[in-house]
Amino acid sequence: MFRFTSIKDYHAALVADHTTCTQAVKYYLDQIAAHENLNAYLEVFSKEALEQAAILDAERNQGKRVGKLHGVVIGIKDVLSYKGHKLSAASKILENYTAVYTATAIQKLVDEGAIIIGRQNCDEFAMGSSNENSAYGPVKNAIDSSKVPGGSSGGSAVSVQANLSMISIGSDTGGSVRQPADFCGVVGLKPSYGRISRYGLIAYASSFDQIGIFSKTIDDAALVLEVMAGKDEFDSTVSSKPVPAYSKLIESKLIEGKEIEITASPKRIAYFKETLFHPGLDPEIKTKIESYLKDLTAKGYIVEAIDFSLLSYLVPTYYVLTAAEASSNLSRFDGIKFGHRTKESIADLNELYKKTRTEGFGEEVQRRILLGSFVLSAGYFDAYFTKAQQVRQKLVDLTSTVFSKYDLILSPTVPTTAFGLGENNHSATEMFLADIYTVYANLVGIPAISIPLFTHSNGMPFGLQVMSASFNEVGLLSFSKEQMLNKV
Ligand code: GLN
């Protein structure tokens, strides 16, 4: 039977003729079919994935050069353009829309031999923290199907969790990769803002959005990042900084036969005091994180608490700014240019827009568009939008002070473990609070990762969030790898 542990092991098995890409694809297609109840995929590209696998197998057998992601089976969140394939953002408004070009990040994966197995369910337009806002039904957590997988990239997290793909590609505007990774017990990486091109990613809040990676191991996340990162003529916000060979730079040394020491793993660690005293934080998560920090001190790390009086401003600032950007980004979905248009015959253009958008957008998306239009309106612009921008600037300043003294900031990823389906639906504010620890990294543009280190006594997993200065993904990944190796 096919079994996946890491890309490196998979490639070794391919070279040794112990498996084939076709076998791998068949295995994942069977797995997806057997777990349909989880609702992780909106569409599976079965025929195409098998054809691609056969081509790759033939090429390898002919001794042709194999790509870095040769035969790696990847699922993509349904907010990423893949030419000739449907793209819905899990919304009715884009029903039956077909992508006319491929996102740069996805093209880079394909160019290195990856096999795209399907598009994954998510919250509508990536807005949500539980994957209950999809127009195509909620996704379920594979550990306990009465629980949510987190959001908005819920289908992508569950896909790696339940072995429905080797890797998933999601997007993270305020935690949508890290939070579901935490709820599902997998690795979830959001790189620095501008590390990966956003060309072909449906925009939610453009100054926050970043493509991210779900994987089982840090090595796999590093390799996929290395492939997707880098400059792109189609995205003016992407950085032209050279892309380090992440997968090589985090290679560990063997000590007495045990893979453990990693070159240049950072040692100076800060944590924000207020994050651990937040009333919404589950007491067991607090205790476990606190004792983890103590253990790090015992292992020789410098671990220090620093004040963070701005904690309670994070969620409001995030929601004011992202709603404002969303209201502008989503104005293009008007029933004229894309997807759904009301069937009613309406002569007045404004009425046509109104009816189409009321029919096409779900409740949460409508809430954000209204909120965003409100904070951008002439009478309230200064009171909300400008204020939130000022807080954002303060956070950026604070962040550079922190990283002048420390290499990393640690925190819980989410204040609770996965909650029940329907449990948080009655209040938008309660749902927004699930994002308290993750939105900071997007507000200031730094990279952040959730690593699956813990299991709660309620049986659900939870992670440690690691953040570093912008473009220090090497430090972030080295430290995370060390923690994962120490776990086993
Ligand atoms: N839960 C957050 C929101 O709803 C984050 C979403 C995301 O990162 N795409 O905005």
Side-chain angles (χ1 to χ4, degrees), residues 4-16 21 24 56 60 65-74 76 104-116 160 165-170 177 181 186-192 194-197 210-232 238-239 241-255 258-266 407-408 447-452 466 468-488:
F4 176 75
T5 48
S6 69
I7 297 174
K8 199 172 168 189
D9 291 351
Y10 170 53
H11 281 173
L14 286 175
V15 169
C21 300
L56 291 166
R60 192 179 61 258
R65 173 199 170 264
V66 299
K68 282 184 183 179
L69 297 178
H70 179 82
V72 173
V73 178
I74 299 183
I76 58 175
T104 301
I106 302 303
Q107 191 58 52
K108 288 185 176 200
L109 299 175
V110 172
D111 291 346
E112 286 295 336
I115 300 171
I116 309 296
V160 171
S165 64
M166 295 175 186
I167 300 287
S168 294
I169 307 301
V177 167
V186 301
V187 171
L189 169 67
K190 178 203 93 74
S192 309
R195 185 63 298 185
I196 297 175
S197 165
Q210 187 56 202
I211 290 175
I213 302 158
F214 293 91
S215 63
K216 291 215 189 277
T217 70
I218 303 292
D219 283 316
D220 286 357
L223 181 63
V224 175
L225 174 65
E226 185 176 311
V227 170
M228 288 199 296
K231 62 176 194 290
D232 177 16
V238 79
S239 168
K241 280 188 207 298
V243 178
Y246 298 114
S247 59
K248 292 279 165 302
L249 288 165
I250 65 160
E251 257 168 22
S252 38
K253 289 185 207 143
L254 284 175
I255 295 184
K258 212 173 161 229
E259 195 186 358
I260 207 85
E261 190 168 309
I262 293 159
T263 1
S265 180
D407 304 310
L408 302 171
I449 191 169
S450 179
I451 47 176
V466 185
S468 74
S470 279
F471 295 95
N472 183 15
E473 273 85 357
V474 175
L476 180 93
L477 293 166
S478 307
F479 175 83
S480 303
K481 182 168 168 180
E482 199 166 292
Q483 305 318 304
M484 293 277 278
L485 287 171
N486 285 331
K487 186 192 163 196
V488 285

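Only this structure's heavy atoms are used, side chains among them; waters, hydrogens and symmetry mates stay out. Predicted model, so just to flag it, every value in this text is computed and none were measured.
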Donor on one side chain, acceptor on other, Thr104 and Asp232, under 3.5 Å
yes

Quick test of your reading of the model: are Arg65 and Glu112 salt-bridged, counting only N-O distances below 4.0 Å?
yes

Tightest non-hydrogen contact, residues Ala222 and Leu477, listed as CB-CD1, 4.0 Å

With Lys108, which residues qualify under salt bridge (Lys or Arg N to Asp or Glu O under 4.0 Å), at least two apart?
none

Tell me whether Glu226 contacts the main-chain N or O of Val243 through its side chain, where contact means a donor paired with an acceptor under 3.5 Å.
no

How far apart are the closest heavy atoms of Lys481 and Ile250, and which atoms are they?
NZ-O, 3.3 Å

Nearest 0.5 angstrom please: Ile116 CD1 to Ile106 CD1, how far?
5.5 Å

Measure the OG1-CE distance between Thr217 and Met166 for me, rounded to the nearest 0.5 Å.
12.0 Å

Taking it one step at a time, do Gln107 and Asp111 satisfy side chain to side chain donor-acceptor pair (under 3.5 Å)?
CA-CA 6 Å; Gln107 191 58 52; Asp111 291 346; 3.0 Å; yes

Ring of Phe4, cation from Lys216 - is the NZ or CZ under 6.0 Å from the centre and inside 45° of the axis?
no

Is Asp220 reaching over with its side chain to a backbone N or O of Ser6, donor-acceptor style, under 3.5 angstrom?
no

Taking all non-hydrogen atoms of both residues, which atom of Thr5 and which atom of Asp9 are closest, and how far apart?
OG1-OD2, 2.8 Å

For Asp407, salt bridge (Lys or Arg N to Asp or Glu O under 4.0 Å) partners two or more places apart
Arg268

Arg195/Glu473 under salt bridge (charged side-chain N to carboxylate O under 4.0 Å, His left out): CA gap, chis, key distance, verdict:
CA-CA 10 Å; Arg195 185 63 298 185; Glu473 273 85 357; 5.4 Å; no

Not counting sequence neighbours, which residues clear ring-ring contact (aromatic ring centres under 6.0 Å, His included) with Tyr10? List them please.
Phe2

